[in-house]
Amino acid sequence: FKFGTALWDTGRKVPVLSPPRTDGLTAWVARGARPIVIDDVTSHPLFQDPAVRGGLQAIAGFPLLRGQQVLGVFTIAFHKPHTFSEDELRALSLLADQAALGIERAQLFEALNRQITQLTTMTRLGHMMTASLDIDEIMRTTLQLVNNTLPVEFGAIFVLDGDQLICKCTIGADAVHFPPIDVRCG
């Protein structure tokens, strides 16, 4: 899970009190793909340790589902005593469904943008390769296009010369040329 942000009743947006625990409510909701509603955390096994409660009195977690796939977890917590009503639970469940739909659409949009970027890079690379006969320029441009598409820490192009791979071009923070690599077979 990616760690989110809390929106407090005062309108403040700050990091959540503590990261989700592997044995906590958020993880249980994700694993079970079902809501967990706790009106009194002091009497619930997940919150027996006062340090874990952090002043919480009531909490509910809702899975963000698309079909059977859990995309995330939506939690609501209260520092004051609170009993969740049926209307609140229905509204929170609908909000979780809408959030899941929004997340799914955003993920699809991100995936589509990645594919567009990759196809654009392949097209640019194809144009460049047919427009240039300079091997060094082709290798440099290839690594730059790869880095623009997928920011890498390091990349290299090796060219086979007889029985050896020779490092011809590198990119990245540790861009160094490597000694030839013997690739003789047999």
Side-chain angles (χ1 to χ4, degrees), residues 1-124 144-155 171-174:
F1 284 118
K2 290 185 180 177
F3 200 38
T5 298
L7 176 61
W8 296 95
D9 58 357
T10 61
R12 255 184 346 127
K13 291 180 186 178
V14 295
V16 180
L17 292 175
S18 61
R21 297 172 291 129
T22 57
D23 63 341
L25 177 117
T26 303
W28 277 100
V29 170
R31 282 190 213 105
R34 294 183 15 200
I36 296 178
V37 178
I38 304 171
D39 290 324
D40 179 9
V41 298
T42 61
S43 64
H44 196 277
L46 288 175
F47 294 93
Q48 288 306 299
D49 181 355
V52 169
R53 284 196 296 268
L56 292 180
Q57 295 291 316
I59 190 167
F62 299 85
L64 303 176
L65 297 170
R66 291 308 296 152
Q68 299 299 314
Q69 182 183 4
V70 176
L71 302 179
V73 175
F74 170 51
T75 58
I76 298 295
F78 292 88
H79 283 116
K80 299 175 187 171
H82 185 83
T83 302
F84 291 93
S85 71
E86 288 301 316
D87 286 342
E88 286 174 330
L89 295 174
R90 192 172 19 262
L92 292 169
S93 182
L94 288 170
L95 286 170
D97 290 345
Q98 291 301 308
L101 181 61
I103 289 169
E104 180 186 45
R105 286 182 177 169
Q107 289 173 338
L108 290 171
F109 183 75
E110 286 176 0
L112 182 60
N113 276 338
R114 277 192 303 275
Q115 289 177 341
I116 289 169
T117 300
Q118 291 168 352
L119 290 172
T120 301
T121 299
M122 296 301 290
T123 301
R124 289 176 62 196
Q144 287 169 350
L145 287 171
V146 167
N147 194 47
N148 292 343
T149 304
L150 176 69
V152 296
E153 293 179 24
F154 177 79
I171 190 170
D174 297 326

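One is the number of the first residue; the rest follow in order along the sequence.
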Chemist: Can you establish whether the number of heavy atoms outside R31 located under 6.0 Å from its atom CZ is more than 12?
Modeler: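 Buried by this count: over 12 neighbours within 6.0 Å.
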
Chemist: How long is the gap from CD1 on I38 to CD1 on I59, to the nearest 0.5 Å?
Modeler: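 CD1 of I59 is found 6.5 Å from CD1 of I38.
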
Chemist: With sequence neighbours left out, write down each residue that passes side-chain contact (heavy atoms from CB on, under 4.5 Å) with A91, or none if nothing qualifies.
Modeler: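 Counting only residues at least two positions away or on another chain, A91 forms no side-chain contact (heavy atoms from CB on, under 4.5 Å).
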
Chemist: Under the salt bridge (Lys or Arg N to Asp or Glu O under 4.0 Å) test, which residues partner E88, sequence neighbours left out?
Modeler: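 Residues passing salt bridge (Lys or Arg N to Asp or Glu O under 4.0 Å) with E88: none at all.
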
Chemist: Tell me every residue that passes salt bridge (Lys or Arg N to Asp or Glu O under 4.0 Å) with D49, counting only those two or more places apart in sequence or in another chain.
Modeler: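 With neighbours one apart ignored, the set is empty.
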
Chemist: Going by side-chain contact (heavy atoms from CB on, under 4.5 Å), name the residues that satisfy it together with I103, two or more places apart in sequence or in a different chain.
Modeler: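 Per chain and number, I103 pairs via side-chain contact (heavy atoms from CB on, under 4.5 Å) with L64, L71, Q107.
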
Chemist: To check you understand the geometry: which heavy-atom pair defines the closest contact between L95 and F74, and what is its length?
Modeler: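 Shortest heavy-atom contact: CB-CE2, 4.2 Å.
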
Chemist: Drop me the distance from Q98's CD to S93's OG, to the nearest 0.5 angstrom.
Modeler: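 Answer for the CD-OG pair, Q98 versus S93, is 10.5 Å.
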
Chemist: Which residues pass the side-chain contact (heavy atoms from CB on, under 4.5 Å) test with R114, sequence neighbours left out?
Modeler: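 R114: side-chain contact (heavy atoms from CB on, under 4.5 Å) contacts with E110, A111.
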
Chemist: How close do P35 and F62 get, heavy atom to heavy atom, and via which atoms?
Modeler: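 In terms of heavy atoms, the two residues are closest at CB-CD2, 3.8 Å.
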
Chemist: Write down the atom of Q68, the atom of L65, and the distance for their closest heavy-atom approach.
Modeler: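 Q68 and L65 have their closest heavy atoms at O-CD2, 4.5 Å.
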
Chemist: Would a distance-only check, ignoring hydrogens and angles, find a side-chain to backbone donor-acceptor pair under 3.5 Å from T117 to N113?
Modeler: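 Indeed, once roles are kept as given, a pair shorter than 3.5 Å links the two residues.
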
Chemist: Do V29 and R34 touch side chain to side chain, with heavy atoms closer than 4.5 Å?
Modeler: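 No; the side chains remain at least 4.5 Å from each other.
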
Chemist: Which heavy atom in V41 sits nearest to a heavy atom in F47, and how many Å separate them?
Modeler: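 So the two residues come closest at O-CB, 3.3 Å.
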
Chemist: Of the non-hydrogen atoms in L92 and I76, which two are nearest, and what is the gap between them?
Modeler: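 In terms of heavy atoms, the two residues are closest at CD2-CG1, 3.7 Å.
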
Chemist: Under the rule for side-chain contact (heavy atoms from CB on, under 4.5 Å), what residues qualify as partners of L108, not counting sequence neighbours?
Modeler: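 For L108, the residues satisfying side-chain contact (heavy atoms from CB on, under 4.5 Å) (neighbours in sequence not counted) are E104.
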
Chemist: Would you compute the distance between atom CG of L25 and atom OG1 of T75 and round it to the nearest 0.5 angstrom?
Modeler: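 Going from CG on L25 over to OG1 on T75, the span is 7.0 Å.
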
Chemist: Of all heavy-atom pairs between A30 and V70, which one has the smallest distance, and what is that distance?
Modeler: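 Closest approach of A30 to V70: O-CG2, 3.6 Å.
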
Chemist: May I have all residue pairs that pass ring pair (Phe, Tyr, Trp, His ring centres under 6.0 Å) and include part of residues 83-106, sequence neighbours excluded?
Modeler: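 Sorted pair list: F78-F84, H82-F84.
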
Chemist: Who pairs with T42 by side-chain hydrogen bond (donor to acceptor under 3.5 Å, both in side chains), at least two apart in sequence or on another chain?
Modeler: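 Counting only residues at least two positions away or on another chain, T42 forms a side-chain hydrogen bond (donor to acceptor under 3.5 Å, both in side chains) with D40.
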
